[in-house]
Participant: 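To start, I am sharing the structure in question, which I have written as structure tokens.
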Amino acid sequence: MLESYGLSPVETRLATFSEEAAALAEEAGLPVAMKVDSADVPHRTDAGAVEIGIDSSEAAREAYERIVENATTYDPAARIEGVLVQSMADGGIEALVGVTTDETFGPIVTVAPGGEFVELLDDGEVLVPPISKEEARAAIERTHLGTLLEGHRGRRGGDADALAAVVTRVGDLAVAHPQVEELDLNPVVVDETGVSIVDVLVRIGEEND
């Protein structure tokens with residue numbers, strides 16, 4: 001669904017046992033990130049089911065076991081498909097682009113600082129789709145992302161136009177797929193060359209399952 005709107009997450013592969021995780025980590029190119037694959041554990045960080053910077057096949061084996069154990073401890077009834085092994089995006093500015101459903105307006109799109117900045121910089125802009133690229137860019141500028149993407153205290157900036165394109169495309173998706181009750185792309189890593197969608201959460205309305 002995402003790719004049909006030009007939204008391509010970074011390469012991700014599914015491991016169902018620890019040795020497979022080690023092999024996939026080597027294939028993806030170390031270091032990698034690993035996270036549980038379970039619809040019952042949507043907030044993986046809270047469950048201790050995400051690890052980053054895994055730099056060897058042995059570390060990948062051990063991370064697989066820890067992630068599955070932590071997810072099971074967090075929710076013993078959770079259905080666990082395995083562990084996702086993901087290429088790590090290079091450093092950049094982390095943004096959040098999300099969709100929720102408002103009783104009055106229907107689907108609405110939020111753009112805000114993402115990753116570690118979600119709680120530190122509690123600000124974001126809400127837009128009603130469809131959204132033009134100009135509207136998306138203006139919304140970005142009204143958040144701390146505007147400053148961060150220009151380059152902040154010696155840090156590299158990022159491609160604000162590429163992020164605006166993501167916001168616009170997410171708006172198009174939300175309009176075309178009203179069964180999507182919630183969509184979170186967080187983080188979307190923005191650097192000087194474009195964007196990388198690192199993590200995705202999607203919830204579909206029960207009546208459309």
Side-chain angles (χ1 to χ4, degrees), residues 1-13 28-35 42-45 50-55 84-100 107-175 177 180 182-202:
M1 180 175 65
L2 290 173
E3 289 179 351
S4 67
Y5 288 86
L7 301 165
S8 298
V10 299
E11 183 178 359
T12 303
R13 305 177 185 184
L30 299 164
V32 297
M34 294 174 60
K35 57 193 76 173
H43 302 292
R44 293 178 281 215
T45 300
V50 176
E51 297 197 19
I52 63 173
I54 298 161
D55 59 5
L84 300 173
V85 179
Q86 188 177 70
S87 302
M88 288 192 63
D90 291 333
I93 309 302
E94 295 187 339
L96 174 152
V97 181
V99 175
T100 53
I108 55 175
V109 177
T110 298
V111 58
E116 64 181 12
F117 293 118
V118 169
E119 296 179 358
L120 294 176
L121 303 177
D122 185 21
D123 76 326
E125 284 290 315
V126 176
L127 300 163
V128 178
I131 304 162
S132 70
K133 194 169 183 179
E134 292 73 22
E135 290 171 330
R137 181 65 188 268
I140 292 166
E141 294 294 333
R142 291 193 295 269
T143 73
H144 282 85
L145 285 169
T147 300
L148 293 170
L149 292 171
E150 290 175 357
H152 181 65
R153 295 185 178 180
R155 295 184 63 171
R156 292 182 300 167
D159 188 341
D161 286 335
L163 179 58
V166 170
V167 175
T168 296
R169 292 168 184 169
V170 167
D172 292 341
L173 184 157
V175 170
H177 298 278
V180 175
E182 181 182 359
L183 169 66
D184 279 336
L185 308 182
N186 180 32
V188 178
V189 178
V190 190
D191 62 22
E192 294 162 323
T193 64
V195 299
S196 298
I197 299 172
V198 174
D199 206 12
V200 179
L201 169 68
V202 181

Participant: What distance do Leu185 atom CG and Leu96 atom CG have between them, rounded to the nearest 0.5 Å?
Facilitator: 7.5 Å
Participant: Let's go through His177 and Leu183 carefully: what are the C-alpha distance in whole Å and the side-chain angles of both, what is the deciding distance for side chain to side chain contact (heavy atoms under 4.5 Å, CB included) to 0.1 Å, and is it a yes or a no?
Facilitator: CA-CA 11 Å; His177 298 278; Leu183 169 66; over 6 Å; no
Participant: Taking all atoms of both residues into account, what is the closest heavy-atom pair of Val32 and Ala28, and its distance?
Facilitator: CG1-CB, 4.0 Å
Participant: Out of curiosity, Glu141 CD to Leu149 CG, how far, rounded to the nearest 0.5 Å?
Facilitator: 7.5 Å
Participant: Once rounded to the nearest 0.5 Å, what's the spacing between atom CE of Met34 and atom CG of Leu84?
Facilitator: 9.0 Å
Participant: Atom OG1 in Thr168, atom CD in Glu135: separation rounded to 0.5 Å?
Facilitator: 8.0 Å
Participant: Between Leu127 and Ala139, what is the shortest heavy-atom contact and its length?
Facilitator: CD1-CB, 3.8 Å
Participant: State whether the side chain of Gln86 and the backbone N or O of Val198 hold a donor-acceptor pair below 3.5 Å, judged by distance alone.
Facilitator: yes
Participant: For a quick test of reading the model, state the closest non-hydrogen atom pair linking Arg169 to Gly6 and the distance between them.
Facilitator: NH1-O, 3.2 Å
Participant: Does this structure show an ion pair linking Asp161 with Lys133, if we count only N-O contacts that are shorter than 4.0 Å?
Facilitator: no
Participant: Among Ile140, Leu163, Asn186, Thr110, find the residue that satisfies the side-chain contact (heavy atoms from CB on, under 4.5 Å) test when tested with Val97.
Facilitator: Leu163
Participant: How many angstroms lie between OG in Ser87 and CZ in Arg13, if you round to the nearest 0.5 Å?
Facilitator: 7.0 Å
Participant: Without swapping roles, check the side chain of Arg44 against the backbone of Lys35 for a donor-acceptor pair under 3.5 Å.
Facilitator: no
Participant: Considering only heavy atoms from C-beta outward, does the side chain of Asp159 approach that of Val195 to under 4.5 Å?
Facilitator: no
Participant: Calculate, to the nearest 0.5 Å, the distance between atoms CE and CG belonging to Met88 and Asp55 respectively.
Facilitator: 10.0 Å
Participant: Can you name the closest pair of heavy atoms from Leu201 and Pro42 and give their distance?
Facilitator: CD1-CB, 3.7 Å
Participant: Compare every heavy atom of Ser196 with every heavy atom of Val10, then report the nearest pair and how far apart it is.
Facilitator: CG1-CB, 3.7 Å
Participant: Hey, are the side chains of Asp172 and Pro129 touching, using non-hydrogen atoms and a 4.5 Å cut-off?
Facilitator: no
Participant: Minimum heavy-atom separation for Ala136 to Ile131, with atom names?
Facilitator: N-CG2, 3.9 Å
